[in-house]
Amino acid sequence: MSCAQPADPPQTTAPADRRELVIAVDGPSGSGKSSTSRAVAQRLGLAYLDTGSMYRAITCAVVNHGLDPAADPQAVIDLVRGGHLELSTVPGIERVVIDGDDVTAQIREPATSAHVSSVATIQPVRDLLIDRMRAIVAECGHRIVVEGRDITTVVCPDAQLRVLLVADPAARVARRSAELKGSVGMDQVTDQVIRRDHDDAAVSSFQAPAPGVEVIDSTFLTLHQVVDTVISLVPGPDPVPTKTNTTTSTKERHD
Ligand SMILES: Nc1ncnc2c1ncn2[C@@H]1O[C@H](COP(=O)(O)OP(=O)(O)OP(=O)(O)O)[C@@H](O)[C@H]1O
Ligand SMILES: Nc1ccn([C@H]2C[C@H](O)[C@@H](COP(=O)(O)O)O2)c(=O)n1
């Protein structure tokens, strides 16, 4: 799997603080990892890597090629090994392209959420993508917020800050339901959150913190409060917020 990212847009304010700063965020589905990580990256002028989007992109390619991960996991492994993945590491700009196919919208479709665990639980697929994740962290100069399920434990165990973001299952289901605006039934929402966590937990430990990992329970916190809490936990001198210019034709997300 090769991987390319669009060049970072020029920064309008030069960051005074260029020390390495990797912030690793893990947690179950709907705990707020993506919204929080994106906002923290924007506030601190860091790159942002949504590792779930990598597993989702592979899942789109698997579905689009008519592969069955359970019946033929080797075909999925071959696809990952030979495939070319491009993704944005600019917070607020989502763009995911696999083998020239723009799957930015497809990765968020309920069908992709329903199938992604069957891809993400193939260990050789994980090993290949974990190598790519670490390469992206290095390409970003180790100044990045990385979120997923095994970032605090496997991908970036040496991150300067490691956070496990949790929330009650009922709150997580309600958030996902609100996000999908009634486009899918409650059964499907519960499947996307609860069943997916159960399946994903077979290969990653994201339900309890590893030693040294800070736990933030977002159940009764606003997104803004969670972002402030993460930033308050960054070690060392106060991080210098950096304004980034994200001018582009690609759709921006503001959760
Ligand atoms: N603290 C919060 N309070 C209320 N809603 C929140 C909070 N944090 C995130 N949300 C909302 O919850 C939904 C899920 O958040 P998000 O996509 O960031 O979760 P996630 O952990 O990345 O989920 P997944 O792993 O399934 O992709 C979004 O609609 C987001 O706006
Ligand atoms: N580091 C990671 C990131 C994601 N996954 C799996 C688990 C999820 O079901 C799927 C999609 O992630 P999401 O976009 O919902 O955060 O990818 C993983 O196993 N490890």
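Whatever order the structure lists them in is the order used to number ligands and atoms, beginning at 1.
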### No-hydrogen, no-angle side-chain donor-acceptor test under 3.5 Å, R126 and S204
yes
### Query
Do R175 and S31 meet the criterion of a side-chain donor-acceptor pair at a distance under 3.5 Å?
no
### Task
Would you mind checking which non-hydrogen protein atom is closest to atom 17 (O) of ligand 2, with the distance to 0.1 Å?
Y55 CB, 3.6 Å
### Query
Taking the non-hydrogen atoms of P28, is any one of them nearer than 4.0 angstrom to ligand 1?
yes
### Query
Looking just at side-chain N and O atoms, do Y48 and E147 make a donor-acceptor pair shorter than 3.5 Å?
yes
### Query
How far is atom 6 (C) of ligand 2 from its nearest protein heavy atom, and which residue and atom name does that atom have?
A120 CB, 3.7 Å
### Query
Which of the numbered atoms in ligand 1 are below 4.0 angstrom from a heavy atom of G32?
8 (N), 9 (C), 15 (O), 16 (P), 18 (O), 19 (O), 20 (P), 21 (O)
### Query
Under 4.0 Å from ligand 2, counting heavy atoms only, is it the side chain of R126, its backbone, both or neither?
side chain
### Task
Check whether the side chains of Q207 and D197 place a donor and an acceptor atom closer than 3.5 Å, and report yes or no.
no
### Summary
For S117, the atoms of ligand 2 under 4.0 Å from one of its heavy atoms are 9 (O)
### Query
Is the backbone of T153 close enough, under 3.5 Å, to the side chain of D150 for a donor and an acceptor to pair up by distance?
no
#### Entry: For T222, atoms of ligand 1 separated by under 4.0 Å from a heavy atom
1 (N)
### Message
I want to know if ligand 2 touches D150 in the polar sense, i.e. an N/O pair below 3.5 angstrom.
### Response
yes
### Message
Side chain or backbone, does R196 bring an N or O within less than 3.5 Å of an N or O on ligand 2?
### Response
yes
### Task
Using distance alone, decide if ligand 1 has a nitrogen or oxygen within less than 3.5 Å of any nitrogen or oxygen in K33.
yes
### Query
Mind checking whether S31 has a heavy atom under 4.0 Å from ligand 1?
yes
### Query
What residue and atom, counting heavy atoms only, is the protein's closest point to atom 16 (O) of ligand 2, and at what distance?
R149 NH1, 2.9 Å
### Task
Measure from atom 2 (C) of ligand 1 to every heavy atom in R176, H224, R175 and give the option owning the shortest one.
R175
### Task
Decide whether the shortest distance between a heavy atom of R172 and an atom of ligand 1 is less than 4.0 Å.
no
### Query
Do the side-chain N and O atoms of R149 and S29 include a donor-acceptor pair separated by under 3.5 angstrom?
no
### Task
Run the contact test for G27 against ligand 1 with a 4.0 Å cut-off on heavy atoms, strictly below, and give the result.
no
## Note on the structure
Nearest non-hydrogen protein atom to atom 12 (O) of ligand 2, with distance, is G52 CA, 3.4 Å
### Task
Report the nearest protein non-hydrogen atom to atom 3 (C) of ligand 2: residue, atom name, distance rounded to 0.1 Å.
T51 OG1, 3.3 Å
### Query
Numbering the atoms of ligand 2 from 1, which are under 4.0 Å from a heavy atom of R56?
11 (C), 13 (P), 14 (O), 15 (O)
### Query
Is the shortest N/O to N/O distance between D50 and ligand 2 below 3.5 Å?
no
### Message
Using a 4.0 Å cutoff against the non-hydrogen atoms of R196, which atoms of ligand 1 qualify?
### Response
26 (O)
### Summary
For R149, the atoms of ligand 1 under 4.0 Å from one of its heavy atoms are 25 (O)
### Query
Rounded to the nearest 0.5 Å, how far apart are CG of D99 and CG of L79?
6.5 Å
### Query
How does Q225 reach ligand 1, if at all, at less than 4.0 Å between non-hydrogen atoms: by side chain, backbone, both, or neither?
neither
### Query
Which of the atoms of ligand 2 are close to D200, meaning less than 4.0 Å from one of its heavy atoms?
7 (C), 8 (C), 9 (O)
### Query
Under 4.0 Å from any heavy atom of L221, which atoms of ligand 1 are there?
1 (N), 2 (C), 3 (N)
